[in-house]
Structure formats: C-alpha cells, structure tokens
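Order of the sequence lines sets the chain letters (A, B, ...), proteins ahead of strands, with each chain counted from 1.
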Number of protein chains: 2
Amino acid sequence: MSEEPYFRPVRPTRAYEAVVEQVEETLARGALRPGDRLPSERDLMSQFSVSRSTVRQALRVLESAGLIRSRPGDPRGAEVLPYSTKNLRKPLERLAGRDGISLSELIQFRMILEGSANRLAARLRTDEQVAAIEAALERMREAIDEGYAAFGAADVTFHDVVAQAGGNSLIQVCGEVVRGAVLALIEDKLQRAPDSVALMRQSVAHHAEVVEAVRHADLIRADRLARCDLYEYYASYVTEESKPMLQALLEE
Amino acid sequence: MSEEPYFRPVRPTRAYEAVVEQVEETLARGALRPGDRLPSERDLMSQFSVSRSTVRQALRVLESAGLIRSRPGDPRGAEVLPYSTKNLRKPLERLAGRDGISLSELIQFRMILEGSANRLAARLRTDEQVAAIEAALERMREAIDEGYAAFGAADVTFHDVVAQAGGNSLIQVCGEVVRGAVLALIEDKLQRAPDSVALMRQSVAHHAEVVEAVRHADLIRADRLARCDLYEYYASYVTEESKPMLQALLEE
DNA sequence: TTTAATTTGTTCGTATGTATG
DNA sequence: TCATACATACGAACAAATTAA
C-alpha cells in the first residue's frame with residue numbers, strides 16, 4: 001500500500017500569475033462580460049497591491065490569450081473581449097509546426113473533421129447554404145487557370161462554407177487550422193507536381209461529388225467521400241507504416 | 001468590380017510584440033531547439049535595444065504560451081520547452097467555459113472524437129493496450145461504491161486509455177478537454193440524479209460493450225457505440241431543437 | 001476645434017532573493 | 001562557503017495617445 005501523502009508539492013507563484021488568475025476567475029464566473037472595462041493600470045496597482053510592472057505583465061498575458069485588449073490613452077481601461085474560436089488557431093498552429101505532431105496524425109484528424117463536417121452539412125444545410133457551396137465550387141473551377149495559389153484559396157473557402165453549413169464552430173475552427181497545417185507541410189511538394197492542372201481538375205471533380213451528396217442529403221456518402229478523397233490525395237506523402245492509421249478510417 | 005487596394009491597414013506594433021515575434025520566428029524555424037537557452041534578460045535588452053520591462057513582457061507572453069520557462073537566478077537564461085498538446089488545453093477550456101460555444105456543440109464534438117478514438121483503438125490496439133482498457137473498466141466497476149467523484153475519475157481514465165490506444169494525440173487532447181468541458185457544465189445535474197447508482201451501472205455496461213468491440217477489432221461497432229451511448233446519456237440535457245444536430249451523427 | 005486631464009507604452013534605477021560554479 | 005550573475009519586483013519619470021470638456 002502506498003502512503004497517504006500529507007502535503008502536495010507547491011511551486012512558487014509569481015505576483016503577475018496571481019493577478020492573471022484573479023482576473024481570469026472573474027471573467028470565468030461572468031462578473032466581467034465582453035464589452036466591460038477593467039480598472040486602469042494604476043487602479044489595478046492599488047487593488048492588487050503590486051507595482052505597475054507586475055500589472056502590465058499580467059495584462060500582456062491576458063491580452064495574448066485574447067481575453068482583453070488595451071489601447072494606449074484609453075481612460076476607460078482595457079476592454080474585455082468576447083471569446084472566440086480564433087484564440088485556438090495560434091496554439092494549434094504552433095503544435096502542428098513544431099513537429100510535436102506527425103503529418104499522418106494531422107491528415108487523420110482532418111479526415112475525421114471534414115467527414116463529420118460534410119455529414120452535418122448534408123443533414124442540416126439550408127437551401128441558401130447549398131447555393132453558397134455550389135458557388136464556392138464554381139469559384140474553384142475558375143481558379144484552375146489562375147494558378148495553384150488561387151486554387152488553394154478557393155479550396156479553403158469551399159471547405160469553410162461546408163463547415164459553416166454543418167453548424168458546429170468547434171469542427172469548423174479545428175478543421176481550418178488542421179487544413180492550414182497540412183498545407184503548410186506539403187504545399188511545396190504540390191507546387192512542384194508534374195501536372196498540377198490535372199490534379200486540380202481531379203480535385204474539382206471530387207468536390208462536385210460532395211456537393212451532390214450534400215444537395216441530396218446523403219449523409220453517409222458525404223462523410224465517406226471526404227475520407228476517401230483526402231486519403232487518395234495525401235496517401236503518397238505519408239510513410240508506408242502510417243498508412244494503416246489512415247485506412248482505419250475508410251473501412252465500413 | 002472592386003477597386004484593387006494599394007495599401008493594407010496597419011496597426012501600431014508595440015515593442016514587446018516585436019520581441020515576441022522575433023523569438024517565435026526563431027523558434028519556428030528551428031534555430032532554437034527544446035532544451036536550448038535564451039540569452040539572459042540583460043542580453044536581450046541590448047540585442048533588441050529595448051528596456052528590461054519590455055523584455056519581461058515579451059517573456060511572460062512566451063511563457064504563458066508554453067514556449068519557454070524562466071526561473072529566477074538561473075544563469076543560463078530561459079529554457080526553450082518542447083511544445084506539447086498540453087498547451088491546447090487552456091484555450092479550449094476557456095472557449096467551452098465562456099459560452100462562446102453551446103452544450104450541444106460540445107456533445108456533438110465529443111461524439112465525433114470518441115467514436116473516432118474507439119474506431120482507431122479497435123484497429124490499432126496492441127494486446128497490452130487491450131489489457132489496460134480492461135483494467136480501466138474494472139476500476140470503474142469498483143468505483144461505483146465509492147461515489148460519483150471516484151466513478152467520474154475512473155471514467156476519465158478509461159477514455160484516456162482508449163484514446164491513447166488509438167494513437168492520435170490530437171484526438172486524445174481534444175477529447176480530454178471536451179469531456180472536461182461537458183462534465184463541468186452538467187455535473188451538478190448528474191450528482192442530483194435520483195438513482196445515480198443505476199446510471200453508473202448502465203454506464204459500465206455500455207463501456208463493457210466498447211471493450212468487447214475493441215477486443216474483437218470491430219471498428220464500426222466501436223465507433224457507433226460511442227456515438228449512441230453519448231447521445232443516450234446526454235440527450236436529456238439539450239434542447240429539443242438541437243437534438244437533430246446530434247442525431248445526424250447516428251444515421252447509418 | 002482646441003485644450004486639458006488621464007491613460008497607456010516605455011525607460012531607467014534600485015533592492016531583494018535565488019541558482020550556479 | 002563565497003562570489004557572481006540572474007530573475008523578481010518596486011517606484012519614478014517621460015512621451016505618445018485617447019477622451020471629454
């Protein structure tokens with residue numbers, strides 16, 4: 001049997017951390033709502049009994065987390081911001097960039113997210129959203145002649161519109177970020193592809209199939225199409241050993 | 001046709017932001033690897049030609065992002081940290097807590113993540129991992145008598161072990177966070193449930209089915225079980241209007 | 001429109017506790 | 001053990017920016 005420990009480890013808390021925690025807790029319990037203002041730095045000094053430098057370090061941390069925004073000269077103090085999914089992007093991008101995570105994991109996650117987004121879009125889309133998705137597909141067709149950069153941008157827009165039709169902002173933001181991370185890792189290879197025009201045409205054909213599935217509310221097909229297309233598109237960029245990881249998402 | 005703009009909007013860059021950007025860029029391109037040391041604050045002062053306070057604001061931002069760690073008195077300077085999935089947790093938790101996101105979206109996302117985790121685990125698990133999953137299930141059985149808190153902890157461990165067997169750290173960390181967010185939103189209701197013991201027994205029965213599916217490498221069933229169980233478990237907590245969102249994930 | 005007051009951004013100097021060799 | 005260099009924190013000061021009278 002293990003001894004029941006009397007004490008837990010402590011780590012010295014720095015002054016600015018205590019300030020951050022108090023402000024965060026106030027925000028979390030809703031005492032400060034978006035649009036509200038924090039006291040001025042000098043007021044915070046006296047309320048927390050710390051120096052201005054300490055207050056400023058805390059404010060910078062809160063600002064980098066997307067919780068507040070402070071502007072020079074504003075007598076009303078720092079503004080409490082509405083918390084949005086945008087604040088997830090930077091951490092996810094860093095994770096993908098620092099090879100803390102493998103390309104095959106990213107592709108796998110993207111297959112899951114995009115398949116689910118397609119499925120939800122097929123079930124929940126409005127007629128206006130179908131029209132927007134079709135317009136995005138048409139834009140991709142046009143962009144083939146404008147080069148790979150324009151085509152990539154149109155492709156991103158297409159998936160954004162589909163994800164938005166799905167109605168889940170978590171899927172949407174995670175999908176956006178993972179898509180960007182994957183593209184950043186292999187876009188140089190794609191640009192040097194021997195016949196990029198053929199690749200783009202094939203991509204448009206695949207996306208057209210998705211549009212059809214969404215239009216006919218065919219959930220299963222919309223989901224499956226995303227997984228298969230992505231696997232086909234990216235399989236050549238992953239090692240042989242990691243292909244089974246991706247294939248596990250294709251079995252029925 | 002829209003005018004082609006000559007200029008893009010500019011926002012004044014603050015000194016500490018420029019310092020953060022330079023350090024981040026150095027980290028991103030791999031010139032500084034985990035374990036390496038940043039110059040001391042005084043060296044950074046002279047290299048960036050800014051004051052000590054400005055350097056410190058930048059360091060606090062980098063530290064809060066999980067990129068570095070600085071300790072008082074360390075003559076080697078701040079340490080560059082390995083970037084891990086842990087740095088995603090806080091932003092995701094904030095997002096879930098600030099009702100920037102609805103309960104039904106969270107549950108929906110959890111259905112997707114846990115279904116996929118189960119599917120991957122069923123395909124890729126080793127025998128040791130099967131044993132670990134079974135042990136986690138046994139722990140859940142024991143914990144029924146120890147109250148809801150212990151049972152919840154055992155439940156969390158179970159899903160962690162399964163997700164780990166799936167082998168995708170993105171799914172794992174997102175799953176952990178979303179699970180925590182969902183539980184935080186409704187755990188008070190669960191505790192006040194009239195017959196929580198019956199609920200826990202039912203939960204164990206459901207998890208046992210998952211174990212069987214994983215053991216027999218039944219991908220489809222493992223995936224589907226997660227989605228159905230979660231829907232059944234949480235359906236009563238979402239509004240009638242948002243139920244179709246979740247049901248879209250159950251159709252075959 | 002101008003002016004005055006307040007606030008933030010930044011700098012500098014100083015004192016204190018801490019880790020390394 | 002001691003000396004050195006370090007990070008933490010405080011406080012005062014000035015410039016630039018914003019708001020409101």
Side-chain angles (χ1 to χ4, degrees), chain A residues 7 9-24 26-27 32-82, chain B residues 7-24 26-27 32 34-82:
Chain A
F7 305 122
V10 230
R11 64 148 217 277
T13 39
R14 287 172 284 192
Y16 87 91
E17 281 184 332
V19 175
V20 169
E21 280 180 24
Q22 281 202 45
V23 176
E24 268 221 74
T26 307
L27 262 51
L32 279 171
R33 308 284 306 173
D36 290 351
R37 301 290 179 147
L38 256 53
S40 74
E41 294 186 358
R42 285 170 180 80
D43 286 346
L44 292 173
M45 280 177 64
S46 59
Q47 291 188 35
F48 287 111
S49 292
V50 294
S51 74
R52 182 140 175 251
S53 312
T54 303
V55 167
R56 305 200 91 245
Q57 292 179 58
L59 290 180
R60 292 297 82 80
V61 170
L62 293 167
E63 190 163 26
S64 75
L67 298 174
I68 64 168
R69 177 183 52 187
S70 75
R71 294 180 310 158
D74 193 334
R76 293 169 299 184
E79 181 184 2
V80 176
L81 296 179
Chain B
F7 305 122
R8 292 178 304 170
V10 205
R11 64 147 216 277
T13 339
R14 287 174 284 192
Y16 86 91
E17 281 185 332
V19 174
V20 169
E21 280 181 23
Q22 279 202 46
V23 176
E24 268 223 75
T26 307
L27 262 50
L32 279 172
D36 291 350
R37 300 291 177 148
L38 257 52
S40 74
E41 294 187 358
R42 288 172 182 78
D43 287 346
L44 292 173
M45 278 177 65
S46 60
Q47 291 189 34
F48 287 112
S49 293
V50 293
S51 75
R52 186 94 186 275
S53 311
T54 301
V55 168
R56 305 197 91 247
Q57 292 181 60
L59 291 180
R60 291 299 81 79
V61 170
L62 293 167
E63 192 163 25
S64 75
L67 298 173
I68 64 169
R69 177 183 51 188
S70 77
R71 294 178 310 160
D74 193 335
R76 294 169 300 184
E79 181 184 3
V80 176
L81 295 179

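Remark: P of D:dA16 and CZ of B:Arg14 are 17 Å apart, rounded to the nearest angstrom. Rounding to whole angstrom units, CG of residue B:Leu59 and P of D:dA9 are separated by 13 Å. One interatomic measurement links the two molecules: CD of B:Glu41 to P of C:dC12, which rounds to 15 Å at whole-angstrom precision.
For B:Ala15, the side-chain atoms get nearest to C:dT10 when compared with the rest of D:dA7, C:dG9, C:dT10. Taking every side-chain heavy atom of B:Val50 into account, C:dT11 is the closest of D:dA7, C:dT11, D:dC6.
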Determine, step by step, whether A:Val23 and A:Leu62 satisfy the side chain to side chain contact (heavy atoms under 4.5 Å, CB included) criterion, reporting the C-alpha distance in whole Å, the side-chain angles of both residues, the deciding distance to 0.1 Å, and the verdict. CA-CA 9 Å; A:Val23 176; A:Leu62 293 167; 3.6 Å; yes
Applying side chain to side chain contact (heavy atoms under 4.5 Å, CB included) to A:Arg14 and B:Glu63, what does each step give before you reach the verdict? CA-CA 13 Å; A:Arg14 287 172 284 192; B:Glu63 192 163 25; 3.0 Å; yes
If you apply the rule side chain to side chain contact (heavy atoms under 4.5 Å, CB included), what do you find for B:Leu67 with B:Leu27, and how did you get there? CA-CA 9 Å; B:Leu67 298 173; B:Leu27 262 50; 4.0 Å; yes
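Residue A:Arg71 has no polar side-chain atom (N or O) positioned under 4.0 Å from OP1 or OP2 of C:dG9. One finds no side-chain N or O of B:Arg56 lying less than 4.0 angstrom from the OP1 or OP2 phosphate oxygen of D:dA7. Taking 4.0 angstrom as the limit, B:Ser40 places a side-chain polar atom (N or O) nearer than this to OP1 or OP2 of D:dC6. Checking the phosphate oxygens (OP1, OP2) of D:dT19, a side-chain nitrogen or oxygen of A:Arg76 falls inside 4.0 Å.
In this structure, A:Arg37 contributes its side chain and A:Gly77 its backbone to a donor-acceptor pair below 3.5 Å.
In this model, a donor atom of one side chain and an acceptor atom of the other lie less than 3.5 Å apart for B:Ser70 and B:Arg60.
As judged by a 4.0 angstrom heavy-atom cut-off over every strand, B:Ser70 is placed among residues touching the sugar-phosphate backbone only. At a threshold of 4.0 angstrom between heavy atoms, the contacts of B:Thr54 are confined to the sugar-phosphate backbone, with no base atom among them. Among the protein residues, A:Arg37 comes within range of no part of the nucleic acid, since none of its heavy atoms lies under 4.0 Å from any strand.
A residue-by-residue look at A:Ser51 and A:Asp74 shows that A:Ser51 has its nearest nucleotide of DNA chain D further toward the 5' end. Comparing A:Gly73 and A:Met45, the nucleotide of DNA chain D nearest to each residue sits closer to the 5' end for A:Met45.
Side-chain to base pairing of A:Arg52 with C:dG9: one donor and one acceptor N or O lie within less than 3.5 Å of each other.
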